Structure formats: structure tokens, C-alpha cells
Enquirer: 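Before we start, here is the structure in question, set down as C-alpha cells.
Convention: sequence-line order gives letters A, B, ...; per-chain numbering from 1. Everything numeric here is computed off the predicted structure, so don't read it as measured data.
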Amino acid sequence: MSFSNDTTLKLDSRPEVPRTVVANASGEMAAGEEIKTATVGQVTVANPVMSARTVNVHYGEKHAIKDVSIDVANNSVIAFIGPSGCGKSTFLRCLNRMNDTIENARVEGLITLDGNDIYDRRQDVVQLRARVGMVFQKPNPFPKSIYENVAYGPRIHGLVTSRADLDEIVQTSLRKAGLWEEVKDRLDGPGTGLSGGQQQRLCIARAIAVDPEVILMDEPCSALDPIATAKVEDLIDELRENYAIVIVTHNMQQAARVSQRTAYFHLGELIEVGPTDQIFTNPRHRLTEDYITGRFG
Amino acid sequence: MSRSASADEQRRARVAASLKRRYGAERRFRLYGQLAVLVGLGFVALLFVSIFSKGYSAFEQTYVRVDVNYDPEVLDPAGTRKPEDLADGDYGAIVKAALRATAPEVESRAELKQLYALASNSAPRALQARIAADPTLLGRRESVWVLASDHVDQIVKGYIRRDESEESRGVTDLQIKWIDALRAKGALERRFNRQFFSGGDSREPEQAGVAGAVVGSFFTLLVTLLLSFPIGVAAAVYLEEFAPKNRYTDFIEVNINNLAAVPSIVFGLLGLAVFVQFFGLPRSVPLVGGLVLTLMTLPTIIIASRAALKAVPPSIREAALGMGASRVQAIVHHVLPLAMPGMMTGGILGMARALGESAPLLLIGMVAFIVDVPRRLTDPSTVLPVQVYLWARSSERAFVERTSGAIIVLLVFLLVMNGLAVLLRSRFERRW
């Protein structure tokens with residue numbers, strides 16, 4: 001089964017790669033689903049954890065996201081790349097409704113998690129954020145102890161009944177985040193006393209302590225030095241075994257290193273999605289090519 | 001383009017010339033700042049020196065030693081020895097007899113009157129209290145230190161000059177003679193003035209104390225703190241974290257800012273109209289005073305609390321929300337603890353202002369002359385700044401030092417309050 005990519009690109013009048021009909025990789029799209037999209041490449045995957053269909057975001061007058069449709073696959077990393085202000089972070093924040101906190105932000109379209117509309121009125125936003133965790137650009141541990149940072153999520157969601165369980169979760173989360181060996185002797189020390197890279201891994205440990213299905217990462221390494229960045233990237237690669245990960249990054253090498261799929265955003269539109277290898281070696285769209293070859297961005 | 005040596009030279013010379021000007025400006029700027037600080041410190045020092053030098057003597061009071069004879073004929077003519085009959089005894093006569101014994105040469109009625117005026121009119125009550133405590137004293141003699149009158153006290157402290165005319169100084173030459181004689185005998189002594197710290201107001205300066213005003217201030221501030229801090233913080237949290245940003249909330253914000261600038265006496269009128277006249281609450285009581293000061297303090301606390309909430313980095317809110325905390329959880333668990341020190345600073349400022357406030361309290365009747373130390377929130381009382389005002393306009397000379405003394409007590413009250421608040425705040429403060 002295939003769908004046709006028949007809309008015109010409003011964006012670019014320059015000669016571009018031929019608008020080919022893109023086959024769905026698995027061919028297992030829900031019968032009859034036809035996605036009207038300007039995006040080049042394969043926006044859908046088999047058994048997506050999350051899917052977005054024709055999502056539009058307005059900040060007051062500003063039309064920040066235009067008709068974006070994309071799937072997030074399980075056990076893989078998808079990277080959102082694009083120049084500053086292209087809307088990749090905005091779109092990321094739609095996936096766990098963090099845009100709700102922004103006054104006059106309006107989200108339209110359908111975003112589902114396991115087939116359920118997350119913007120449905122019956123969807124509890126607290127419940128959603130327990131399933132879709134988030135790691136922010138700047139490490140933002142709570143000004144509490146390392147232990148309390150990790151224990152916070154399980155505690156507020158009532159995931160544990162005993163102190164021993166909580167200790168267990170804190171330890172496994174810190175282990176998964178590769179931080180346990182470094183902090184096991186000072187769990188009562190302040191989380192903000194760690195180095196930047198350690199703080200970011202603490203934030204990742206905090207996010208995985210509630211065992212989410214999807215982890216959103218908004219430029220998680222932009223405030224880190226190369227060594228800390230390498231550690232976080234290794235961590236992301238490991239976490240892929242258990243979680244679906246969406247990462248926004250400015251750093252194209254990083255996208256190439258950690259992700260399996262890459263999506264290129266430009267001025268609020270999703271230009272191209274595809275396997276990371278293909279996007280970086282053989283981009284189909286002219287804008288994607290310009291961006292990754294460094295002609296702008 | 002090649003560089004010309006002479007142009008370089010010229011540029012360097014110009015920079016050098018401007019450097020001198022810039023450094024000069026910097027030096028002057030720093031000098032102005034230092035001068036401003038010095039002037040400010042100078043005035044504060046002047047204030048403190050003036051108040052303390054005038055006020056410290058209020059903490060001492062002159063006592064006179066008299067040899068009293070607890071004559072049963074005078075105190076208990078019926079001979080019942082019952083406490084109620086003993087309480088009715090003529091203790092004034094006992095004091096007078098004791099005073100006569102100190103100057104046996106005095107005969108005339110006019111002179112005797114002057115002699116009796118040496119002791120405070122509270123002396124009979126002091127003797128009565130001694131008998132009540134120990135009835136076996138009856139029929140015995142003892143030496144007792146009783147309060148001297150305020151004139152004696154002022155002569156002893158040197159506030160009434162001896163070279164003034166008799167009329168203007170209020171103390172006769174004869175009295176001065178007796179005072180000197182008593183001093184020579186060691187029967188006149190300056191002692192720590194317990195009455196000043198334990199007693200209420202009095203028409204007689206030597207008996208007047210600040211305890212009533214201190215307790216009144218304490219009760220009033222207690223009401224103010226218990227009402228204004230929770231209400232102020234709740235209002236700030238709602239306005240800052242929950243309220244939609246629209247015309248109505250803008251309107252509320254503008255009005256809160258305006259309220260902070262309203263003269264305090266207006267709040268007094270409001271309190272009089274609403275609390276006293278409409279709700280029928282009693283006048284002159286700390287409860288109403290606290291309510292009025294709450295109205296006055298609320299805007300300050302709301303504004304400071306909102307600023308403190310704004311100063312909490314948004315990343316903390318995002319982190320909590322991103323973890324799936326509800327908005328209330330994010331605020332209660334993370335934002336409020338971080339904003340608390342700032343809110344407490346606002347609270348301290350508001351309380352300090354409330355403590356020094358007198359105008360609105362005058363209007364609700366807290367300026368009344370009240371002798372008893374209040375025990376409840378609904379007992380009539382006054383507050384420290386009003387007490388200062390009351391004493392400052394009293395004509396007796398001995399009230400001058402008491403006014404300064406009350407100001408010292410007010411300042412100490414303020415210091416203790418602020419000290420406690422700073423202590424509390426540092427406990428809340430995150431050290432990382």
C-alpha cells in the first residue's frame with residue numbers, strides 16, 4: 001500500500017528533487033489512511049508509539065508549526081534538526097503538552113499516544129507526562145538532593161509503597177543513566193552541585209524513574225562540553241532499547257551519531273523525514289541538502 | 001593599507017588623554033557614593049546618639065528610703081487583722097509619718113505639703129502590697145525603698161537645673177534642701193526601673209511604663225502577621241501562577257500597586273468605617289488595629305511575593321511539570337520553597353512598617369489613655385509609636401526621657417522581630 005505525496009511545496013520555488021511517491025516502509029499503514037502532507041520521505045512507521053497528523057501551532061498571531069505529520073517509532077531515536085526558530089522545539093513540546101503552559105499557544109491537529117488522542121478532553125495531562133518524559137536544554141535538577149531529584153516522579157505518581165522500593169528505583173534509574181558509580185556516595189548531596197554533564201544525566205535519570213514510554217529531549221547537550229556530550233550520547237543509544245526517544249538537536253553530527261531517523265524542519269514546516277543515513281548522504285529535498293551541507297542554518 | 005606611524009602616535013596620545021578624564025570621572029563617581037553613604041550613616045548615628053543619650057536614664061528611677069512604722073492603730077483600727085480590713089488601712093498616713101521623720105524640723109502645713117510631695121503617690125500602695133504579702137509586719141518598723149516623685153527624680157538625674165527659678169522648675173528650694181540631705185544620708189538612690197518595663201501608662205511619670213504598649217504592639221502585629229502573610233502569599237500565587245492575563249487581572253494589578261501608595265491614615269478611616277462602625281467591633285483594641293494594619297500591609301506583601309515568584313527560574317517549573325507534577329504540586333513542592341525567602345523579606349518589610357505605624361491606629365481609638373496591660377486581643381490598648389506620641393506631648397518634664405526610652409524599646413522590638421525573621425529566612429534559604 002502506498003500513499004501519494006501530491007501536494008505542492010509552498011516553500012520553495014527553486015528546482016528540487018523529484019517529488020516521488022514514497023512508499024511506506026512496512027506497507028502496514030492503517031487501511032484507508034491517507035496522509036495529506038508536503039513532507040518528502042517517509043513520515044509513517046509500522047506500530048508507531050506516537051503519531052502526529054496535520055498539527056498546526058499558533059502563538060497568538062504567529063503560525064509556528066504548519067501541517068506537520070510524523071510518527072515516532074518504538075525503540076528508536078528520531079532526531080529533529082533544522083535552523084533556529086524552525087519550530088522543532090515547539091513541535092517537541094506538543095508531544096507532552098508542555099505548550100499548555102504557554103499563554104495563547106494554540107495546538108490543532110491530532111497527536112496520538114498508542115492510538116489515543118493526547119489532546120482529548122478526557123486525557124489527563126499529568127498522566128500523559130508520566131508516559132512521555134522530557135529532558136530540557138539546560139540541565140534543571142531541582143534544588144534538592146540527588147536522591148530526591150530521582151525519587152520525585154515515583155513519589156508524586158504514587159508508584160512506590162515502601163522506602164525500599166523507592167531506593168531500588170533511584171538506584172536503577174541512576175544506573176541506567178550511567179550516574180550511579182559517580183554519585184552513589186553522595187545521594188544526599190545537592191543535585192545542583194554536580195557538573196553540567198552529570199546534572200543532565202541526573203535529569204535523564206529523573207525522567208526514566210517514572211518509566212515513561214517516550215522520552216523527549218530538547219537539545220540535551222547544547223550546554224555540555226564534548227566529553228559530557230559523548231557520555232549523554234552513549235546513554236541515549238543505550239536507552240533506545242527500552243524507550244522511544246525524540247531528540248531535538250542543533251548539532252548535525254550528533255543527529256547522525258545517535259538517531260535512526262531524522263526529520264528536517266524549516267520555518268515551521270516538516271520538509272523531509274527519513275532514515276538518518278539517507279538524510280545525511282542523499283537528501284531528497286533541496287532545503288535539506290542546503291542545510292546539511294552547511295549552506296545555511 | 002599600510003599603517004602610518006604618525007597616525008598611530010596621534011591615536012595613542014588621544015586615548016591617553018581620554019584615559020585621564022575617564023579615571024577622573026570614575027574617582028569622582030566613587031567619591032559621591034562614599035559621601036552619600038557617609039551622610040546617611042552620620043544621620044543614623046546622630047539619631048541613635050541623641051535617642052540613647054536622652055533615653056537611657058528612663059531605665060533608672062530614683063527611690064527614697066523611708067523608715068516606716070506599720071502602726072496597727074492606723075492600719076487596722078478595728079483590730080480584726082482581716083485582709084480586707086488591712087487593705088483599707090490609711091497607708092498614706094504611714095508614708096507621711098515616715099517622711100516627717102526624715103525632716104523633724106518641719107512644722108507649717110505648706111512645708112509639710114512640700115515634704116509629702118517627695119514620695120510618689122504610689123508609695124502607699126507599695127506599703128499596702130507589703131502588708132498584704134506579709135501581715136506579720138503589722139506593728140513592726142522597717143526601712144523601705146519607695147518611688148520618689150518625678151520631680152525628685154529629675155533633680156537627681158540633673159534634668160531640672162537648680163539655677164532655674166522656683167516656679168519654672170516645679171521644685172522648691174526647700175525640697176532641694178531635703179533632697180540633698182537625703183542623698184547625703186544615702187537615703188536616695190537610683191535603681192533599675194522595673195516599673196518602666198512591667199507597668200502600663202500612668203499620669204505620673206515615675207509610674208508610667210511601656211508594657212501596655214509593648215503587649216498592644218505585639219498583639220496588633222500578631223493579628224497583622226497571621227492575616228496579611230497567608231492572604232498576601234495566596235493572592236500573589238494566584239495572580240502570578242494561575243490567573244489568566246487579561247484586562248481584569250491587569251486592573252487588579254494596577255489597583256494593588258496603587259493601594260501600596262495610599263497614605264496609611266486612609267486605611268485608618270476605612271477601618272473605622274468598616275470594622276468599628278459597620279461590624280461593630282470594639283474601639284481601641286489590638287484586633288481591629290491588626291485588621292487595619294493588615295489592609296495596609298497586604299499590597300506590600302503581595303508585590304514582594306509576586307516579585308519573588310517571578311524570580312524563580314522557569315526551568316524549575318518546567319522540570320516539575322515535565323515530570324508530570326500538577327500545577328499545584330509544581331508550585332508547592334518547588335516554586336514556593338524557592339520564593340519563600342523573598343516573600344519573607346516582603347513580610348518583614350511590611351511588618352516593620354506596621355510596627356512603626358501610628359496614624360491609622362489613632363483613628364480607631366488606640367490613642368486612648370490605658371493604664372492596664374492588655375491580656376486579650378479585645379482588651380483596649382495602645383501601641384508603641386502611639387505611646388511615644390502620647391508621652392511626647394505630655395507636659396511633665398520626666399516624660400521627655402520616657403519618650404526616648406519608649407523609642408529605644410520600639411527599636412529593640414524592631415531589631416528582635418527582624419532578627420527572628422532573618423533567622424527564619426536563612427533556614428528556608430536553599431544553600432545551593
Enquirer: Answer with side chain, backbone, both or neither: which region of A/Arg97 has an atom nearer than 4.5 Å to a non-hydrogen atom of chain B?
Expert: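 The answer is neither part of A/Arg97.
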Enquirer: Output, in order, the C-alpha distance, side-chain angles, deciding distance and verdict of side chain to side chain contact (heavy atoms under 4.5 Å, CB included) for B/His334 and A/Tyr152.
Expert: CA-CA 11 Å; B/His334 302 290; A/Tyr152 184 68; 3.0 Å; yes
Enquirer: Could you name the residues of residues 241-250 of chain A that have a heavy atom within less than 4.5 Å of a heavy atom in chain B?
Expert: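 No residue falls under the 4.5 Å cut-off.
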Enquirer: Got a sec, which residues hit side-chain contact (heavy atoms from CB on, under 4.5 Å) with A/Lys184, two or more places apart in sequence or on another chain?
Expert: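 So A/Lys184 forms a side-chain contact (heavy atoms from CB on, under 4.5 Å) with A/Trp180, A/Glu181.
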Enquirer: Quick check: under 4.5 Å, non-hydrogen atoms only, which of residues 304-320 of chain B neighbour chain A?
Expert: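 Those residues of residues 304-320 of chain B which have a heavy atom under 4.5 Å from chain A are B/Ser315, B/Ile316, B/Glu318, B/Ala319, B/Ala320.
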Enquirer: For B/Arg11, look at atom CZ and say whether over 12 heavy atoms of other residues, nucleotides or ligands are found less than 6.0 Å away.
Expert: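 Count over threshold, so yes.
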Enquirer: Around atom OH of A/Tyr119, are there more than 12 heavy atoms of other residues, nucleotides or ligands at under 6.0 Å?
Expert: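 Correct, the count exceeds 12.
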Enquirer: Chain B contacts: which residues in residues 154-173 of chain A have a non-hydrogen atom closer than 4.5 Å to it?
Expert: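 Those residues of residues 154-173 of chain A which have a heavy atom under 4.5 Å from chain B are A/Ile156, A/His157.
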Enquirer: Please state whether the side chain, the backbone, both or neither of A/Pro139 comes within less than 4.5 Å of a heavy atom of chain B.
Expert: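 A/Pro139 has no heavy atom closer than 4.5 Å to chain B.
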Enquirer: Please check if the number of heavy atoms outside B/Phe251 that lie under 6.0 Å from its CZ is greater than 12.
Expert: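 Counting neighbours around CZ of B/Phe251, 12 or fewer heavy atoms of other residues, nucleotides or ligands fall under 6.0 Å, so no.
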Enquirer: Which distance, rounded to the nearest 0.5 Å, do you find between the CG of A/Asn96 and the CE of B/Met323?
Expert: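 Between A/Asn96 CG and B/Met323 CE, I get 11.5 Å after rounding to 0.5 Å.
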Enquirer: For A/Val210, is it the side chain, the backbone, both or neither that has a heavy atom under 4.5 Å from a heavy atom of chain B?
Expert: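 For A/Val210, the contact with chain B is made by the side chain alone.
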